[in-house]
Number of protein chains: 2
Amino acid sequence: MGEEITTAKEAADDGLVLAFGRLLGAANRLEYLLGRAIEEECGISHLMYEVLLILAREGEAGMPMRAISREQVLTTGGVTRLIDRMEALGLVARGDNPDDRRGRLVRLTEAGERKAVEATRVHRENIERYFVAPIPAEHREWFAEDLRKLSHAARDAIPRLR
Amino acid sequence: MGEEITTAKEAADDGLVLAFGRLLGAANRLEYLLGRAIEEECGISHLMYEVLLILAREGEAGMPMRAISREQVLTTGGVTRLIDRMEALGLVARGDNPDDRRGRLVRLTEAGERKAVEATRVHRENIERYFVAPIPAEHREWFAEDLRKLSHAARDAIPRLR
DNA sequence: CGGGAATGTCTGACTAATCAGATACTCTTT
DNA sequence: AAAGAGTATCTGATTAGTCAGACATTCCCG
């Protein structure tokens, strides 16, 4: 594993690269499956669902677009367009930010709250099936904990997006 | 955790949904970081790198586009265009498939092999830093093993893409 | 306090994916 | 062997993101 790699075949068989590929593979596939399910059953994209949860956590006051961009790896331009679509669906509302007149605050509407609850029901069921079931019960706690560490380490390493 | 969820706030605080969000968050951010690094240092996208490794594993003969689409969650149309770009960069070559004249076989070129080795060097370094370092040494083996299980379970559950 | 740097959002131009339909071939069944 | 079903790839239209630049506002330092 610590050896010098000189052929493409060796590169492809590298243990570390394989393990990492597994993380991405698992995440991509799970995201795909769960995203599909939410899209079909609730009519919103997986990214919209994530934003619903972020806003739900934030509460009444709403949060600036900037903060959403930071939570999800998404440029501010991307957030603008995502929120445009969510606003068109009636899930969120934009309001002025009294503390900073450049910015705006996004908050959930009633419909957005209902959608968050509905989508979570669908989501939970599928997570149980695809994410929890394959991990042996005695590993689950550590596994979740390690994911948390990984998630934070990776977040801290990301340079600020425009 | 097993309780009925009725408000958006509760949905956002659901332990299972949070843990899953962590997996996706970690994977997205790591993919972002490592994708950036490979792109900047090697001039290819993360997806291209994955395909280089897939082809390296396959060897001389090459593999049909269909198989690539299956490995990466990507439609066949997406693979066509990805391989178009990789061909333009000189990393892969398409050849006829003697066994099935509908299909074509994709294989690495010399330049593709070199790129796979080069990119893996960059990749390994960053994986060490962002992926391995945050996981305590005594968990690593189980963690990788659990990821493997997850990855396979998720792969088997994915419906065939067009 | 005034001016330059920094920040938050939006937008036009672009990119890389999806989807669905077209085409060409293969496989199976009668 | 002919027909119909199935499969591999490619392509036009669409979509959802990126990037870079515009603009308004705020922050900070002399």
Side-chain angles (χ1 to χ4, degrees), chain A residues 24 28-29 31-33 35-36 38-40 43-51 62-89 91-107 158-162, chain B residues 24 28-29 31-33 35-36 38-40 43-51 62-89 91-107 158-162:
Chain A
L24 283 195
N28 279 338
R29 291 182 188 116
E31 184 162 29
Y32 183 82
L33 282 169
R36 274 299 189 105
I38 285 203
E39 199 152 343
E40 275 163 28
I44 58 173
S45 72
H46 191 267
L47 208 47
M48 285 186 189
Y49 174 61
E50 293 297 323
V51 170
M63 81 198 286
M65 317 259 288
R66 197 75 194 66
I68 299 172
S69 145
R70 178 77 180 147
E71 294 262 346
Q72 290 293 321
V73 179
L74 200 69
T75 60
T76 60
V79 171
T80 295
R81 283 165 171 147
L82 181 60
I83 297 296
D84 284 348
R85 266 172 283 137
M86 292 179 74
E87 210 172 9
L89 291 173
L91 300 173
V92 302
R94 267 187 260 231
D96 289 326
N97 183 347
D99 298 333
D100 182 344
R101 294 197 302 142
R102 287 169 302 187
R104 324 214 42 197
L105 293 178
V106 189
R107 59 179 174 67
I158 286 183
R160 218 159 182 237
L161 293 184
R162 270 175 64 89
Chain B
L24 283 195
N28 278 338
R29 291 183 187 114
E31 184 163 31
Y32 182 83
L33 282 169
R36 273 299 188 104
I38 285 203
E39 199 152 345
E40 275 163 30
I44 58 173
S45 72
H46 191 267
L47 208 47
M48 285 185 189
Y49 174 60
E50 294 297 324
V51 170
M63 81 199 286
M65 317 259 285
R66 195 77 195 64
I68 298 172
S69 144
R70 178 78 181 145
E71 294 262 345
Q72 290 293 321
V73 179
L74 200 69
T75 60
T76 60
V79 171
T80 295
R81 282 163 171 148
L82 181 61
I83 297 296
D84 284 349
R85 266 171 284 139
M86 292 180 75
E87 209 172 13
L89 290 173
L91 300 173
V92 302
R94 269 186 258 231
D96 290 325
N97 184 348
D99 297 334
D100 183 346
R101 294 198 301 143
R102 286 168 302 184
R104 323 213 43 197
L105 293 178
V106 189
R107 59 178 175 68
I158 285 183
R160 221 162 179 234
L161 292 184
R162 270 175 63 89

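What you see is a predicted model; the values in this text were computed from it and never measured. The sequence lines fix the lettering, A, B, ..., with proteins before strands; numbering per chain opens at 1. Atom set for the values below is all heavy atoms of this structure, side chains included, hydrogens, waters and symmetry mates excluded.
- With DNA chain C read from its 5' end, the first of the two nearest nucleotides for A:Gly78 and B:Arg101 is the one closest to A:Gly78.
- Across every non-hydrogen atom of B:Leu47 and B:Gln72, the tightest pair is CD1-OE1, 3.4 Å.
- Considering CD of A:Glu31 and NE2 of A:His46, their distance stands at 5.5 Å, rounded to 0.5 Å.
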Working note: B:Val106 + B:Met65, criterion side chain to side chain contact (heavy atoms under 4.5 Å, CB included); need CA distance, chi angles, decisive distance, verdict.
CA-CA 7 Å; B:Val106 189; B:Met65 317 259 285; 3.5 Å; yes
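- Residue contacts for A:Arg70: at a heavy-atom cut-off of 4.0 Å it reaches no nucleic acid atom on any strand shown.
- Taking 3.5 Å as the limit, the base of D:dT9 and the side chain of B:Arg81 contain no donor-acceptor pair of atoms between them.
- Taking only side-chain nitrogens and oxygens, B:Arg66 never comes nearer than 4.0 Å to OP1 or OP2 of D:dC10.
- The base of C:dT15 has none of its N or O atoms less than 3.5 Å from a complementary donor or acceptor on the side chain of B:Arg85.
- In this entry the distance linking CG of B:Asp84 with P of D:dC10 reads 7 Å, nearest Å.
- Proximity note for B:Arg36 (side chain, C-beta onward) versus C:dT11, D:dT9, D:dC19: the nearest is D:dC19.
- Of the inter-residue distances, the one linking B:Ile68 atom CD1 with B:Ile83 atom CD1 reads 4.0 Å to the nearest 0.5 angstrom.
- In this structure, the CG atom of B:Asp96 is 16 Å from the P atom of D:dA8, given to the nearest Å.
- Sequence order on DNA chain C of the closest nucleotides to B:Val79 and B:Pro98 puts B:Val79 first from the 5' end.
- Regarding A:Leu82, its CG atom lies at a distance of 15 Å from the P atom of C:dT11, rounded to whole Å.
- The phosphate of D:dT7 (OP1 or OP2) has no side-chain N or O of B:Arg104 nearer than 4.0 angstrom.
- Contact annotation: side chain of A:Arg102 to base of C:dT7, donor-acceptor pair present below 3.5 Å.
- Between A:Thr75 and D:dT18 there is a side-chain N or O to OP1 or OP2 distance below 4.0 Å.
- Atom pair B:Asp99:CG and D:dT7:P shows a separation of 18 Å (rounding to whole Å applied).
- Within 4.0 Å of B:Gly77, counting heavy atoms only, lies at least one base atom of the nucleic acid.
- When all heavy atoms of A:Leu74 and A:Ser69 are compared, the pair lying nearest together is O-OG, 2.9 Å.
- For B:Leu74 and D:dA8, the CG to P distance is 15 Å, given to the nearest whole Å.
- One can place CG of A:Leu89 at 13 Å from P of D:dT15, the figure rounded to the nearest angstrom.
- As rounded to whole Å, 12 Å separates atom C1' of C:dC25 from atom CG of B:Asn97.
- Rounded to a whole Å, the CD atom of A:Glu39 is 11 Å from the C1' atom of C:dT18.
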